[in-house]
There are 2 protein chains.
Amino acid sequence: MSPASTPKTDRSTEIASALRDAIVTGRLLVGDRLPSEAELAEQYGVSRPTVREALKRLAAQSLIRTQRGATGGAFVNHLSYEAAHGQQITTSTLLLSMNAIAFETACEARFAMERACAPLACARREAAHLATMRAELANQSDARLSDEAFCASDVAFHRALVDAAANPVLSYQLAGAVEAMQPLMNMITFTARDRARIVALHAAVADALEAQDAAACDAALTALERYTIDLAGAVMARRAAKAAARPGS
Amino acid sequence: MSPASTPKTDRSTEIASALRDAIVTGRLLVGDRLPSEAELAEQYGVSRPTVREALKRLAAQSLIRTQRGATGGAFVNHLSYEAAHGQQITTSTLLLSMNAIAFETACEARFAMERACAPLACARREAAHLATMRAELANQSDARLSDEAFCASDVAFHRALVDAAANPVLSYQLAGAVEAMQPLMNMITFTARDRARIVALHAAVADALEAQDAAACDAALTALERYTIDLAGAVMARRAAKAAARPGS
DNA sequence: GACAGCCAATTGTCTGACAATTAAACAGCC
DNA sequence: GGCTGTTTAATTGTCAGACAATTGGCTGTC
């Protein structure tokens with residue numbers, strides 16, 4: 001009854017966990033090369049395909065990268081911010097797309113985090129951040145911009161705000177949330193009036209940041225959040241009404 | 001030169017991407033059963049092991065779950081908050097453990113997000129949240145508590161605060177950050193004096209939440225952040241001094 | 001000494017097979 | 001007829017061996 005420790009887990013899962021543990025606890029360091037698949041297979045008493053499945057699991061979490069050839073093998077990855085960021089986006093996008101989250105909830109979380117960045121950004125913003133924001137503001141004022149381009153510029157603007165906080169953890173978490181929401185935002189068609197309002201609020205944010213006025217920045221972001229939710233709500237309602245009017249299969 | 005689209009990606013990676021795309025775009029819905037491995041293999045013109053590697057990748061991201069038996073197969077997962085949360089913790093822990101992030105940076109991000117929760121939590125906190133916080137406070141005042149248990153109670157306290165904000169997106173993001181930091185916090189040995197100070201600050205947070213005073217809550221969290229960073233800095237300095245005094249190998 | 005070709009190690013993939021597991025279909029009994 | 005136990009089929013999990021593709025290093029030649 002002693003080996004009842006892992007009654008129903010696959011061998012490949014076990015091996016993946018063991019290797020992950022070795023990486024997390026530092027027994028395997030960044031850049032280290034794992035034993036070859038054949039060696040791992042012998043070591044764990046399984047076949048090569050089983051080892052490969054375990055390695056693929058780790059690769060999916062970008063914990064390792066593999067390389068073919070004579071000096072190839074599996075190497076412990078650095079897990080850059082970019083990779084973490086990518087996973088964050090994937091996860092957030094899925095949560096949103098599966099309707100597990102209401103738009104309002106995601107929006108609220110996003111602006112809450114953005115307001116959390118505001119004081120830091122006000123304290124640390126540099127000329128480059130302000131310049132980026134001004135440039136995107138000018139961009140957004142161009143009436144010929146497509147909705148997609150407008151949204152992309154919106155993302156870039158907020159990205160600059162977050163980056164100004166100079167905290168990479170906040171950057172990757174928040175950028176993930178913002179980018180996950182972009183597909184949804186792209187579905188919204190902005191009227192000229194909407195755009196003017198949004199640009200004005202963006203300008204208020206930029207001004208507050210330049211003046212290093214955290215309270216004003218917070219207020220502008222709060223107003224922007226309210227407006228975004230109102231807009232989205234109106235779009236959803238319009239869509240629902242249209243769907244009700246045309247009840248085709 | 002036309003088939004240069006995927007010059008160096010594995011087939012298993014391609015297939016994993018294709019399936020992931022099918023899930024994200026909604027072509028495969030939650031609960032749907034994927035074709036059996038044999039069918040997928042035929043469909044993509046590869047062998048079963050290759051398909052299996054692709055499936056393991058998706059399983060590692062908890063996008064699918066597999067089940068053996070007659071009615072078994074791979075099913076599109078719900079991607080619960082728990083799963084997203086788990087991944088968040090794994091990623092954050094790794095980022096921290098690989099020294100890619102300074103403790104101060106992680107701490108700053110964590111408290112920034114927590115302050116972002118504060119207004120929401122003040123507005124929405126319910127009796128259960130307050131009760132949990134009071135219970136953990138009492139727990140933390142017990143001098144017989146081990147450092148690990150004290151830290152665990154600390155996590156539970158903050159978790160209650162975040163949950164009071166009633167926004168699952170914030171919950172999973174922040175809880176991930178908090179739990180990722182726990183191993184580091186566990187390394188810190190708290191003196192009785194430290195604990196009293198922390199408990200007092202926690203009490204201030206709980207009081208502010210009960211009174212629905214967002215500003216007071218914010219202030220208490222800020223003070224807690226400063227104290228945490230000071231403490232950690234002192235511990236690190238002490239450790240560095242000890243390492244310098246004993247310059248072994 | 002520089003360069004070209006060969007070589008060995010390693011991952012990526014295939015084939016075929018068997019074991020384990022699970023639910024459904026089926027036979028048998030009360 | 002209804003319930004129970006058994007068989008059965010479908011599916012994943014694992015294995016073994018083999019070959020293709022890739023890539024760095026080695027060797028031989030000019």
Side-chain angles (χ1 to χ4, degrees), chain A residues 1 3-20 22-23 28 31-78, chain B residues 1 3-20 22-23 28 31-78:
Chain A
M1 205 177 285
S5 52
T6 56
K8 51 186 65 165
T9 59
D10 317 285
R11 296 289 283 132
S12 75
T13 307
E14 277 179 51
I15 296 171
S17 297
L19 290 176
R20 178 164 31 236
I23 295 175
L28 286 169
D32 277 2
R33 202 200 127 192
L34 275 67
S36 74
E37 295 175 354
E39 285 174 307
L40 284 173
E42 193 181 5
Q43 194 172 321
Y44 287 100
V46 298
S47 66
R48 243 191 88 206
T50 305
V51 167
R52 282 183 63 76
E53 287 178 11
L55 292 179
K56 293 307 169 195
R57 288 185 128 101
L58 300 181
Q61 300 175 316
S62 51
L63 274 173
I64 62 172
R65 96 195 93 89
T66 58
Q67 204 173 356
R68 281 223 275 213
T71 61
F75 298 85
V76 178
N77 237 342
H78 187 110
Chain B
M1 208 175 286
S5 52
T6 55
K8 49 187 67 166
T9 59
D10 317 287
R11 294 291 281 133
S12 74
T13 307
E14 278 179 49
I15 295 172
S17 298
L19 291 175
R20 179 166 28 237
I23 295 175
L28 286 169
D32 277 2
R33 202 201 126 189
L34 275 66
S36 73
E37 295 176 355
E39 286 173 306
L40 284 173
E42 193 180 7
Q43 194 174 320
Y44 286 100
V46 297
S47 65
R48 246 191 85 207
T50 304
V51 167
R52 282 182 64 76
E53 287 179 9
L55 292 179
K56 292 307 169 197
R57 287 185 128 100
L58 301 181
Q61 299 176 315
S62 51
L63 273 173
I64 61 172
R65 93 194 94 88
T66 57
Q67 205 173 358
R68 282 223 274 210
T71 60
F75 298 84
V76 179
N77 236 343
H78 187 106

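Residue numbering restarts at 1 for every chain, and letters A, B, ... go by the order of the sequence lines. All heavy atoms count here, side chains included; hydrogens, waters and symmetry mates do not.
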In whole Å, what is the span from the [atom1] atom of [X] to the [atom2] atom of [N]?
| X | N | atom1 | atom2 | result |
| --- | --- | --- | --- | --- |
| Leu40(A) | dC15(D) | CG | C1' | 17 Å |
| Glu37(A) | dC14(C) | CD | C1' | 15 Å |
| Arg33(B) | dA10(D) | CZ | C1' | 9 Å |
| Arg11(B) | dA20(D) | CZ | C1' | 15 Å |
| Asp10(A) | dG13(D) | CG | P | 5 Å |
| Leu34(B) | dT11(D) | CG | P | 13 Å |

Rounded to the nearest 0.5 Å, what separates atom CG in Leu55(A) from atom CD1 in Ile15(A)?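 Spacing of CG (Leu55(A)) from CD1 (Ile15(A)) equals 8.5 Å.
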
When you measure from every atom of DNA chain D, which of residues 61-75 of chain B have a heavy atom less than 4.0 Å away?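 Of all residues in residues 61-75 of chain B, the ones placing a heavy atom under 4.0 Å from DNA chain D are Thr66(B), Gln67(B), Arg68(B), Gly69(B), Ala70(B), Gly73(B).
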
Expected output is a numbered-order residue list: members of residues 45-58 of chain A with a heavy atom under 4.0 Å from any atom of DNA chain D. What is it?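 Of all residues in residues 45-58 of chain A, the ones placing a heavy atom under 4.0 Å from DNA chain D are Gly45(A), Val46(A), Ser47(A), Arg48(A), Thr50(A).
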
Give the table of side-chain donor-acceptor pairs shorter than 3.5 Å for residues 59-71 of chain A, with sequence neighbours excluded, one pair per line with atom names and distance.
| from | atom 1 | to | atom 2 | distance (Å) |
| --- | --- | --- | --- | --- |
| Gln61(A) | OE1 | Arg20(A) | NH1 | 2.3 |
| Ser62(A) | OG | Gln87(A) | OE1 | 3.0 |
| Arg65(A) | NE | Asn77(A) | OD1 | 3.1 |

Taking the side chain as every heavy atom from C-beta outward, state whether Arg11(B) and Glu14(B) have any pair of such atoms under 4.5 Å apart.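 Contact flag for Arg11(B)/Glu14(B) side chains = yes.
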
Would you say that Arg57(A) contacts Arg57(B) through its side chain, given a criterion of any heavy-atom pair below 4.5 Å between the two side chains?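 They are not in contact (no side-chain heavy atoms under 4.5 Å apart), so the answer is no.
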
Counting Watson-Crick and G-U wobble pairs with both distances under 3.5 Å, what is the dot-bracket string for DNA chain D, 5' to 3', using [ ] for crossing pairs and | for pairs to another strand? ||||||||||||||||||||||||||||||

Pair up each side-chain donor or acceptor in residues 39-51 of chain A with any protein partner under 3.5 Å, not counting sequence neighbours, and list the distances.
| from | atom 1 | to | atom 2 | distance (Å) |
| --- | --- | --- | --- | --- |
| Glu39(A) | OE1 | Ser36(A) | N | 3.0 |
| Glu39(A) | OE1 | Ser36(A) | OG | 3.3 |
| Ser47(A) | OG | Thr50(A) | OG1 | 3.3 |
| Arg48(A) | NE | Glu37(A) | OE1 | 2.9 |
| Arg48(A) | NH2 | Glu37(A) | OE1 | 2.8 |

Work out which heavy atom in Ala16(A) is nearest to a heavy atom in Ala54(A); give both atom names and the distance.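 So the minimum-distance heavy-atom pair works out to N-CB, 3.7 Å.
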
Looking only at non-hydrogen atoms, find the nearest pair between Arg33(A) and Gly72(A) and report the distance.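 What the structure gives for the nearest pair is NE-O, 3.4 Å.
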
